[in-house]
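Taking it in order: structure first as structure tokens, then the write-up.
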Amino acid sequence: MRSANLCNHFVDSEDRAFTQQQLPACKPILAPHMVIPVLIFLGLICIPIGLACIAASNKVVEVVYRYDKKCVPGNMLHNKVAYIQNASIDKTCKIILRVPRDMKRPIFIYYQLDKFYQNHRRYAASRSDAQLQDPKQAAASTEFCKPEAYSSKGSPIVPCGLVAWSLFNDTYSFARRRRRGGNTEALTVIKSGISWRSDRERLFGKQVFPKNFQNGSLVGGGQLDPTKPLSEQEDLMVWMRTAALPRFRKLYGRVEADLGAGDLLAVAVRNSYNSYSFEGRKAVVLSTAGLLGGRNAFLGRAYVVTGVACFALALVLTLLCLVFPMKEEHLHLR
């Protein structure tokens with residue numbers, strides 16, 4: 001009797017709608033009369049958005065000048081590494097830039113590096129975020145910072161690691177000469193407010209000061225002011241946000257002045273950063289900002305390509321329906 005009840009229980013459970021997969025469900029049939037309008041609708045949305053993005057990108061005025069070769073004396077072009085490592089050679093050079101269109105304030109200044117792999121696993125891990133936040137962690141959190149963890153005397157380096165050690169140290173100063181003549185006017189480069197607020201308030205401590213930084217026999221890049229806490233050294237904060245690609249730009253500063261079309265900019269570059277050891281390229285970039293940030297047409301082109309692809313696919317499906325119309329048994333599936 002007991003076994004019979006168990007059998008009836010299993011039979012009842014197997015006959016339920018859930019076990020028989022008979023629950024109500026949406027089962028759309030992707031017929032051409034449904035797919036083609038959807039594709040056309042997507043195309044009508046994507047193409048205008050893409051054109052608007054491209055138009056916004058084209059309004060951004062950008063001036064890019066590569067100077068790594070320009071700033072090397074002619075007699076040292078055959079050995080650029082020796083030039084950049086020779087401290088007795090003056091590394092200052094002057095370049096002239098012409099403004100192609102009116103540039104409205106603020107004008108952002110970037111430095112651009114090529115062939116610098118900040119995304120390399122060992123390089124990106126060579127830092128200590130705990131040390132950047134807490135002065136008590138100066139010596140306790142240096143396990144990933146080698147070979148830039150301790151000085152030759154055994155004292156901990158703050159900030160430690162290869163990321164901080166390779167800090168970019170080229171400098172730029174700007175002077176403007178208007179198109180209609182006149183005296184040369186120096187432009188002030190504002191260096192404050194170029195880092196993320198979260199970095200200034202959280203990641204870099206207000207009580208952490210540089211110690212033993214760039215005191216070794218091999219100097220990697222720029223120096224830090226030992227009298228200022230890391231929370232005030234924004235060049236370091238910008239540099240330590242590692243880039244994902246080997247070509248990247250980082251914010252150097254901004255100029256709060258309008259530039260007219262045809263104005264000439266005299267840029268004094270101090271070419272100190274050694275990009276020649278890895279055959280890297282350096283450039284200075286001046287750019288305005290639009291609704292979507294800097295000049296980059298990729299997003300707009302992606303939208304346009306997607307919209308055109310939707311229209312093309314809708315056209316192909318329409319032609320297929322005209323050449324090979326649906327049969328009677330297919331129509332009953334609607």
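The first residue of the sequence shown is numbered 1, and numbering continues consecutively from there.
Using a cutoff of 4.0 Å between basic side-chain nitrogens and carboxylate oxygens, R241 and D199 are scored as salt-bridged. Between R127 and D129 a salt bridge is recorded (basic side-chain N to carboxylate O distance below 4.0 Å). Between E185 and R176 there is a salt bridge, with a side-chain nitrogen of the basic residue lying less than 4.0 Å from a carboxylate oxygen of the acidic one.
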Show the numbers, then the answer: is there a side chain to side chain contact (heavy atoms under 4.5 Å, CB included) between V158 and F213?
CA-CA 6 Å; V158 180; F213 188 71; over 6 Å; no
With side chain to side chain contact (heavy atoms under 4.5 Å, CB included) as the test, would you mind laying out the steps for N215 and S151 before giving the verdict?
CA-CA 7 Å; N215 287 343; S151 66; 5.6 Å; no
So D170 and Y111, side chain to side chain contact (heavy atoms under 4.5 Å, CB included) or not? Walk me through it.
CA-CA 9 Å; D170 283 5; Y111 55 87; over 6 Å; no
Given side chain to side chain contact (heavy atoms under 4.5 Å, CB included), test D258 with D102 step by step and report yes or no.
CA-CA 8 Å; D258 296 334; D102 291 344; over 6 Å; no
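Contact between C53 and G300 at its shortest, heavy atoms only, is CB-CA, 3.6 Å. Residues V60 and S287 share a closest heavy-atom pair of CG1-OG, 3.6 Å. For N75 against H78, the heavy-atom pair with the smallest separation is O-CE1, 2.9 Å. In plain terms, the two heavy atoms of S57 and A297 that are nearest each other are OG-N, 3.6 Å. Of all heavy-atom pairs between A257 and L187, the closest is CB-CD2, 4.3 Å. When all heavy atoms are compared, the tightest approach of S128 to C160 is CB-SG, 3.8 Å.
One hydrophobic cluster, built from ILVMFWY side chains closer than 4.5 Å, holds both V284 and I107. In this structure, L264 is not a member of the same hydrophobic cluster as V189, with clusters built from ILVMFWY side-chain heavy atoms closer than 4.5 Å. I36 and L42 sit in two unconnected hydrophobic clusters of ILVMFWY residues. Membership requires side-chain heavy atoms under 4.5 Å apart, directly or through other members. Under a hydrophobic-cluster definition in which Ile, Leu, Val, Met, Phe, Trp and Tyr are linked whenever side-chain heavy atoms come within less than 4.5 Å, directly or via other members, I109 and Y65 are assigned to the same cluster. Cluster membership check: L162 shares its hydrophobic cluster with F204, using side-chain heavy-atom separations under 4.5 Å among Ile, Leu, Val, Met, Phe, Trp and Tyr.
V81 is listed as a side-chain neighbour of N79, based on a closest heavy-atom distance under 4.5 Å. With a 4.5 Å cut-off on side-chain heavy atoms, E256 and P106 count as touching. Side-chain atoms of W196 and L203, non-hydrogen and from C-beta on, never get closer than 4.5 Å to each other. Side-chain contact check for S166 versus W239: some heavy-atom pair is nearer than 4.5 Å. V63 places none of its side-chain heavy atoms less than 4.5 Å from the side chain of L265. Between V208 and P229, the closest side-chain pair of non-hydrogen atoms is not below 4.5 Å. Put simply, the side chain of P159 reaches to within 4.5 Å of the side chain of L236, judged on heavy atoms. Within the 4.5 Å cutoff, the side chain of F311 has heavy atoms near those of the L44 side chain.
Panel note: side chain S126, backbone R122; no donor-acceptor pair is recorded below 3.5 Å. Of the possible polar contacts, none joining the N212 side chain to the I157 backbone as a donor-acceptor pair under 3.5 Å is found. Not a single donor-acceptor pair under 3.5 Å links the side chain of Q112 to the backbone N or O of R247. Between the side chain of Q214 and the backbone N or O of W165, at least one donor-acceptor pair lies under 3.5 Å.
Counted within 6.0 Å of CZ on F144, heavy atoms from surrounding residues, nucleotides or ligands total 12 or fewer; the atom is thus considered open. With a 6.0 Å radius and a threshold of 12 heavy atoms from other residues, nucleotides or ligands, R98 has its CZ atom at or below the threshold. Environment of OH in Y276: crowded, with over 12 heavy atoms of neighbouring residues, nucleotides or ligands closer than 6.0 Å. Q207 CD: 12 or fewer foreign heavy atoms inside a 6.0 Å radius. Within 6.0 Å of CD on Q85 lie more than 12 heavy atoms contributed by other residues, nucleotides or ligands. Atom CG of L291 is surrounded by 12 or fewer heavy atoms from other residues, nucleotides or ligands within 6.0 Å. Taking a 6.0 Å sphere around CZ of R202, one finds it holds 12 or fewer heavy atoms contributed by other residues, nucleotides or ligands. By the neighbour-count criterion of 12 heavy atoms within 6.0 Å, atom CZ of R301 is sparsely surrounded, having that number or fewer from other residues, nucleotides or ligands.
Here the rule is side chain to side chain contact (heavy atoms under 4.5 Å, CB included) with T288, and of M103, E62, R295, K104 only M103 fits it.
A distance of 9.5 Å separates CZ of R200 from NZ of K206, quoted to the nearest 0.5 Å. Note that the CG atom of N169 and the CG atom of L224 stand 10.5 Å from one another [nearest 0.5 Å]. In this structure, CG in L39 is found 11.0 Å from CG in L315, a value given to the nearest 0.5 Å. Remark: R281 CZ to L113 CG distance equals 10.5 Å, nearest 0.5 Å. Going from atom CG of L286 over to atom CZ of F108 covers 11.5 Å, rounded to the nearest 0.5 Å. Put simply, CG on D114 and CG on L245 are 11.0 Å apart, with the number rounded to the nearest 0.5 Å.
Side-chain contact check for E234 and S195: at least one donor-acceptor pair (N or O, by modelled atom type) lies under 3.5 Å. Side-chain atoms of T242 and Y123 form no donor-acceptor pair, as typed in the model, at a separation below 3.5 Å. N271 and K282 are linked by a side-chain donor-acceptor pair at a separation below 3.5 angstrom, with hydrogens and angles left out of the test.
Both tests do not hold together for K91 against Y273: distance to the six-membered ring centre under 6.0 Å, angle to the ring axis within 45°. Judged by the 6.0 Å and 45° rule, K191 forms a cation-pi pair with Y252.
Sulfur atoms SG of C93 and C71 are positioned under 2.5 Å apart.
Note on residues 277-302: pairs passing ring-ring contact (aromatic ring centres under 6.0 Å, His included), not counting sequence neighbours, are F116-F278.
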